[in-house]
Amino acid sequence: ALTATPAPARQEDRAQRLSGFAALHGVRLAPEVLEGADAREQERRVVEALAQGDLALGADSLHRLLRVYEAHLDADGHYTPAPYPGPLTLLRASEVPAPVTGAPLPPQLALGDLGWSAWTSRPPEVHSLPGDHLSLLQEPQVAHLAEHLRRLLREADPDALAPPSA
């Protein structure tokens, strides 16, 4: 099962990537604000913009979160996926960040299956859960996610959640 993750796609420009990161967190930051600055200054500007938003994280946490995001994008850019022949279940966040001026969101977010049907031999089974990409893993939304996963596991293998026999 996939959790609120768009299918692979590339964003070439770092300013665009960082602007997209800010947009995912509800902060407007046009790529032009970042263009021409070195990597350290770009990161400082993004963290400063995010600190003005609703994220309840300190600067150190924001720097780490940004580095993890970039590492994921770099890994995604070096990975060449192959079509998956089996069934695919997508647990999708029902809330999508609103597009902000100058900071386009990944185009896959507009698709009901987040673009995964291009990578599977049959359409994915999509379940919409309350929350957005980040809040899906926080209370109270994570309880909905856990219950959905339990139900899907029971459907796939009724013995999967049975307690071990003594």
Side-chain angles (χ1 to χ4, degrees), residues 1-81 84 88-116 119 124 126-150 152-153:
L2 298 168
T3 309
T5 304
R10 288 198 173 165
Q11 289 183 348
E12 301 296 329
D13 178 70
R14 186 169 193 253
Q16 287 279 36
R17 288 167 44 156
L18 296 177
S19 179
F21 175 75
L24 286 172
H25 294 77
V27 174
R28 295 174 189 248
L29 185 64
E32 296 78 25
V33 172
L34 303 170
E35 291 170 355
D38 65 24
R40 182 171 288 182
E41 177 60 18
Q42 286 180 330
E43 185 173 320
R44 188 196 66 73
R45 291 177 188 177
V46 171
V47 168
E48 183 178 280
L50 290 173
Q52 304 296 319
D54 292 335
L55 287 177
L57 298 172
D60 288 343
S61 294
L62 290 171
H63 280 283
R64 283 193 298 276
L65 184 62
L66 179 58
R67 283 193 288 278
V68 168
Y69 175 79
E70 287 200 282
H72 287 171
L73 288 179
D74 289 343
D76 181 52
H78 290 94
Y79 174 67
T80 305
Y84 178 67
L88 184 111
T89 301
L90 172 66
L91 303 177
R92 181 189 174 131
S94 62
E95 298 171 25
V96 177
V100 294
T101 305
L105 293 173
Q108 309 93 303
L109 290 179
L111 303 173
D113 66 3
L114 300 179
W116 284 105
W119 298 100
V126 180
H127 299 263
S128 183
L129 299 172
D132 61 29
H133 181 75
L134 297 175
S135 68
L136 197 59
L137 298 176
Q138 299 171 348
E139 289 293 346
Q141 287 85 350
V142 73
H144 296 286
L145 173 62
E147 183 51 41
H148 250 79
L149 284 172
R150 276 190 215 91
L152 291 168
L153 287 170

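The basis for the numbers below is simple: all heavy atoms, side chains too, and nothing from hydrogens, waters or symmetry mates. Keep in mind that what you see is a predicted model, and the values were worked out from it rather than measured. Start at 1 with the first residue, then count along the sequence.
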Next on the checklist: Just so I know, are the side chains of L149 and L91 near enough to count as touching, which here means a heavy-atom distance under 4.5 Å?
Outcome noted: yes
Checklist entry - Could you state the interatomic distance from CD (E32) to OG (S19), rounded to the nearest 0.5 Å? => result 8.0 Å
Checklist entry - What closest approach, in Å, do S128 and S94 show between heavy atoms, and which atom pair accounts for it? => result OG-CB, 3.3 Å
Checklist outcome for this item: Between Q16 and P31, the two heavy atoms sitting closest are OE1-CG, 3.2 Å
Checklist entry - Can you tell me how far CZ of R28 sits from CD of Q52, rounded to the nearest 0.5 angstrom? => result 15.0 Å
Checklist entry - Does the side-chain contact (heavy atoms from CB on, under 4.5 Å) test come out yes or no for L129 and H148, once each step is laid out? => result CA-CA 9 Å; L129 299 172; H148 250 79; 3.2 Å; yes
Checklist entry - Hey, are the side chains of E147 and R150 touching, using non-hydrogen atoms and a 4.5 Å cut-off? => result yes
Next on the checklist: side-chain contact (heavy atoms from CB on, under 4.5 Å), that's the test. Do R44 and D38 meet it? Break it down for me.
Outcome noted: CA-CA 10 Å; R44 188 196 66 73; D38 65 24; over 6 Å; no
Item to check | Sequence-distant partners of E35, salt bridge (charged side-chain N to carboxylate O under 4.0 Å, His left out), two or more places apart | outcome: none
Checklist entry - Between P130 and H144, which heavy-atom pair has the shortest distance, and what is it? => result CG-CD2, 3.5 Å
Next on the checklist: R45 and side-chain hydrogen bond (donor to acceptor under 3.5 Å, both in side chains): which single residue from E41, E43, Q42, E48 fits?
Outcome noted: E41
Next on the checklist: Testing L88, V126, T89 one by one against W116 for a side-chain contact (heavy atoms from CB on, under 4.5 Å), which residue passes?
Outcome noted: L88
Next on the checklist: If you define the side chain from C-beta out and look only at heavy atoms, does anything of V142 sit under 4.5 Å from L136?
Outcome noted: no
Item to check | Steps toward side-chain contact (heavy atoms from CB on, under 4.5 Å) verdict (L50, L29) | outcome: CA-CA 9 Å; L50 290 173; L29 185 64; over 6 Å; no
Item to check | Over all atoms of both residues, closest heavy-atom pair of G131 and A93 | outcome: O-CB, 3.4 Å
Checklist entry - Passes side-chain contact (heavy atoms from CB on, under 4.5 Å), Y69 versus F21? Steps please. => result CA-CA 8 Å; Y69 175 79; F21 175 75; 3.2 Å; yes
Item to check | Sub-4.5 Å side-chain heavy-atom contact between R92 and D113 | outcome: no
Checklist entry - Do L62 and R67 have side chains that get closer than 4.5 Å, going by heavy atoms? => result no
